[in-house]
Amino acid sequence: MARLLLIVFLGWLVGCGDAPPANEQTDASRKAVTGLKDVAPFPIGGAVSIRKLAGDTALRAIVTTEFSSLTSTNDMKMYSIAAREGQLDFARADSTVAFAEANGMRMFGHALVWHYGLPEYITSKDRAGMEAFLTEYIDTVVTHFRGRVDGWDVVNEVFDTRGGELRATPFYTAMGEDYIELAFRTAHAADPQAKLFINDFGTERDTSKLNALVDLVVRMRQTGVPIHGIGFQWHQQMRDDTAVIRQTLRRAAATGLLLHISELDLIFNTHNDAAGGGVEEISRMTPELLAAQADRYETLARIYRQEVPAPQRYGITFWDFTDRDTWIRGFFDMNDWPTLYDDDLQPKPAYDGFRRGLEER
Ligand code: XIL
């Protein structure tokens, strides 16, 4: 399968413009098969939609060349698997896991419990109803993928957008803080080998939120709740302070847990974290902006290498990795160029920057 994809990919390369002379072609091919995953001292992941991947040879080539870990952008979420009451739909999630296996990639599960986009039949449950639903849902899903999904974002975005309060999700409203522990214990019972993460955003720039996250994780460890890692989404903005980012990682590394940069992208424009809340101050790319983005990707890779001890590096995952497909444009309703590949699926300076940050000794 991997060889077949490589052949398809090389065919695609040759199909791009005039075929280069034979020796150059060999060099280009050699470079192409040495992806980020081959130069990184930890897993490098990409988040994908299996529907897009299935119909797009060029996208598949990027994924199989560059990444050693795969996350599904939406197909393993509760709103996808449990969209209809009383029936779970694993079709797309199964295809995604099969793709990862066929290409020798680690599969990461995102996300068992997340408040966003849920159907009404879930959001309206009372305490007993929610407890029963969550227990059965998590048990069934984690058991379904036991031994095939390496780790899970068990809970996603349990904190408010800003500050350290727990978010008033339907789970919280029904069960209070208890839903978090229930989720981890149920997932662990279903697959004792799976690495279990808490995942959130904004903690790299909001110290109160980071404090609350670290406190929660430490408390969970002390009371024997099976949690193994912290996920930092890192939907970063160009203006974020890299000194704060470094401190955050240092602080999190002190917990001794696995650290996953789980959804990396690097945004030029600003937004208020809510759907449709983008402010488009920059409307086109310049060489200077692209170079600044490359520098920052390099710095982020370096900070991760420097601050996270090797046994705690679960890796860095990109959340969409082409500007063509980035969720940032649709979700915040603004233009942006936050990823490693441009609208034509060509590597940007950001790609080289990130790679430099991985490779430098
Ligand atoms: C996003 C997807 O990329 C979009 O396609 C979807 O419409 C909304 O969710 N934090 C997360 C991810 O944890 O699950 C989100 O993914 C992006 C923000």
Side-chain angles (χ1 to χ4, degrees), residues 45-56 59 63 67 69-83 92-93 96 107-119 122-123 141 149 151-162 166-167 169-171 180 183 187 196-206 209 213 229-237 240 259-267 269-278 314-341:
V48 297
S49 144
I50 194 69
R51 251 174 315 171
K52 264 192 200 141
L53 210 54
D56 193 327
L59 200 66
V63 170
F67 302 134
S69 180
L70 200 70
T71 303
S72 172
T73 33
N74 292 314
D75 296 331
M76 291 173 97
K77 289 172 176 170
M78 191 183 272
Y79 69 62
S80 301
I81 292 180
R92 290 205 179 109
T96 313
M107 186 71 216
F108 185 70
H110 173 89
L112 291 170
V113 183
W114 188 35
H115 63 278
Y116 181 84
L118 294 174
I122 298 176
T123 57
V141 174
V149 166
W152 286 97
D153 283 332
V154 176
V155 292
N156 190 30
E157 304 184 353
V158 301
F159 291 102
D160 275 343
T161 296
R162 282 178 206 73
L166 286 174
R167 189 183 285 272
T169 66
F171 314 110
I180 299 175
L196 305 182
F197 287 77
I198 184 169
N199 192 52
D200 217 316
F201 67 95
T203 40
E204 67 278 3
R205 66 180 84 99
D206 180 341
K209 194 165 173 176
L213 173 69
I230 302 176
F232 292 106
Q233 293 188 7
W234 276 18
H235 298 295
Q236 300 222 347
Q237 303 189 11
D240 287 339
L259 302 184
H260 186 199
I261 307 307
S262 53
E263 307 184 14
L264 180 60
D265 42 33
L266 194 36
I267 308 167
N269 281 308
T270 51
H271 61 76
N272 64 0
D273 289 299
Y314 197 72
I316 299 183
T317 295
F318 295 93
W319 202 256
D320 302 326
F321 36 84
T322 75
D323 289 347
R324 184 194 70 181
D325 293 339
T326 178
W327 73 290
I328 298 295
R329 291 179 178 175
F331 194 85
F332 295 115
D333 193 19
M334 65 183 186
N335 211 351
D336 216 280
W337 304 265
T339 78
L340 301 188
Y341 286 81

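Atoms within each ligand, like the ligands themselves, are counted from 1 in listed order.
Using a 4.0 Å cut-off between heavy atoms, Phe201 makes no contact with ligand 1 at all.
For Phe332, the ring-ring contact (aromatic ring centres under 6.0 Å, His included) criterion is met by His271, Trp327, not counting sequence neighbours.
On a distance-only criterion, Tyr116 and ligand 1 share no N/O pair closer than 3.5 Å. The N/O atoms of Tyr79, backbone and side chain alike, include none that comes under 3.5 Å of an N/O atom in ligand 1.
Side-chain contact, Asn199 with Ser262: a donor N or O sits under 3.5 Å from an acceptor N or O.
Proximity to Gln233 (heavy-atom distance under 4.0 Å) selects the following atoms of ligand 1: 10 (N), 11 (C), 13 (O), 18 (C). Under a 4.0 Å criterion applied to the non-hydrogen atoms of His110, ligand 1 contributes the atoms 11 (C), 12 (C), 13 (O), 14 (O). Residue-ligand proximity, Trp114 to ligand 1, at heavy-atom distances under 4.0 Å covers atoms 9 (O), 14 (O), 15 (C). Taking every non-hydrogen atom of Asn156 and a distance limit under 4.0 Å, the qualifying atoms of ligand 1 come out as 11 (C), 13 (O).
Counting non-hydrogen atoms of neighbouring residues, nucleotides and ligands closer than 6.0 angstrom, the CZ atom of Arg167 exceeds 12 such neighbours.
Thr270 contributes atom OG1, which lies 6.5 Å from atom CD of Gln237 (distance to the nearest 0.5 angstrom).
When the options Glu157, Lys77, Met76, Glu263 are ranked by their closest heavy atom to atom 1 (C) of ligand 1, first place goes to Lys77.
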